[in-house]
Amino acid sequence: MRHFLNPLDFSVEEIDQVLSLAEQIRENPEHYAHVAEGKKLATLFYEPSTRTRLSFESAMLNLGGKVLGFHSENSSSAAKGESVADTIRVISCYADIAAIRHPKEGAPLVAAQFSRIPVINAGDGGHQHPTQTLTDMLTIRTLKGRLENLTIGLCGDLKFGRTVHSLINALSRYTGIRFVLISPEVLRLPTYVIQDVLEAKKIPYRETTNLEEALPELDILYMTRVQRERFFSEDEYLRLKDSYILDKAKMKLAPKDMYVLHPLPRVNEISVEVDDDPRAAYFLQVQCGVYARMALIMTLLGLTPTA
Ligand code: CP
């Protein structure tokens with residue numbers, strides 16, 4: 001039995017296979033409409049979500065499976081004090097696979113240790129969000145035709161942004177990847193990611209606070225929201241929340257083939273006037289999330305197309 005808690009749980013070859021399967025599903029969805037008949041996905045969400053929970057549900061329904069779950073701590077027995085370990089033991093009696101989102105880093109790992117079914121990390125605190133990474137990689141492959149030889153700008157809250165941490169983990173295994181880390185001083189990428197990933201693997205990167213000067217050199221700009229829910233001080237959040245606002249004027253500084261990604265939700269960091277720019281790819285990214293999660297569910301359950 002396999003779990004998917006971190007992009008590094010899969011080899012590069014396995015990740016590429018999941019992405020290729022997602023592309024095949026996108027080409028011929030009818031071939032996959034019944035592969036999960038009789039299977040159930042449990043979504044255990046202790047933290048709010050729109051995209052991740054609903055795209056998992058959509059993915060399982062598209063595969064012909066069924067879904068069950070809860071969408072907040074307060075609507076489950078966690079509110080009465082039940083542990084993650086006991087919850088997943090119980091859910092293992094009800095479902096074939098589980099996706100868990102939790103505000104505490106490492107909660108999906110605990111779940112996996114006590115689970116009798118595959119566990120997928122749907123986001124744990126400020127740590128990892130590996131299925132967003134599959135989504136991001138599928139989007140980049142769709143737009144650029146490759147995952148190698150790219151300069152990726154990561155902009156915003158690089159300290160608490162779990163999507164950034166997972167994406168760096170995953171892309172650092174491809175050749176010719178270079179990162180430009182654009183953030184306020186206090187929201188810089190955590191030292192453990194810099195040391196354990198970028199420096200350990202000798203990945204070229206530079207840090208800057210200036211989005212405008214970075215734009216001309218980028219193939220991909222990955223914008224992120226300042227993660228209000230991870231701040232201890234509301235005043236500090238208010239001071240930092242509008243550090244970067246991508247607008248039409250700034251997009252003029254970017255190459256014509258530089259695409260803008262954002263895991264969403266967006267607050268204020270991409271002006272709505274950018275939405276009509278052909279380089280704005282964040283809603284395409286949302287669609288990719290369904291195919292990526294369909295492919296992941298199939299892979300973890302060992303399902304094959306019926307046609
Ligand atoms: N990208 C993402 O994780 O969005 P949600 O918080 O809405 O799931």
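Indexing begins at 1, ligand by ligand and atom by atom, following the structure's order.
Taking all heavy atoms of Gln285, His262, Arg51 into account, the minimum distance to atom 4 (O) of ligand 1 is reached by Arg51. Here the shortest heavy-atom distance to atom 7 (O) of ligand 1, taken over Thr224, Thr131, Thr50, Val286, belongs to Thr50.
Residue Glu47 holds its CD atom at 11.0 Å from CD1 of Ile100, rounded to the nearest 0.5 Å. The CD1 atom of Ile120 sits 10.5 Å away from atom NE2 of His3, with the distance rounded to the nearest 0.5 Å.
Taking distance alone, with nitrogen or oxygen atoms compared against 3.5 Å, Arg101 approaches ligand 1 more closely than that limit. Close N/O approach between Pro263 and ligand 1 is found [any backbone or side-chain N/O within under 3.5 Å].
Contact between His129 and ligand 1 is present, with at least one heavy atom of the residue lying under 4.0 Å from the ligand.
Classification of the Tyr46-His102 ring pair by plane angle, with boundaries at 30° and 60°, yields tilted.
Defined by atom type and a distance below 3.5 Å, a donor-acceptor pair is present between the side-chain atoms of Thr131 and Arg293.
For Lys248, the NZ atom is loosely surrounded, since the number of other residues' heavy atoms within 6.0 Å does not exceed 12.
Interface atoms of ligand 1 facing Leu264, defined by a heavy-atom separation under 4.0 Å, are 1 (N), 2 (C), 4 (O). Below 4.0 Å from some heavy atom of Thr52 lie the following atoms of ligand 1, by number and element: 2 (C), 3 (O), 4 (O), 5 (P), 8 (O).
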Step by step, work out the side chain to side chain contact (heavy atoms under 4.5 Å, CB included) result for Ser20 and Arg141.
CA-CA 10 Å; Ser20 295; Arg141 231 166 84 148; 3.0 Å; yes
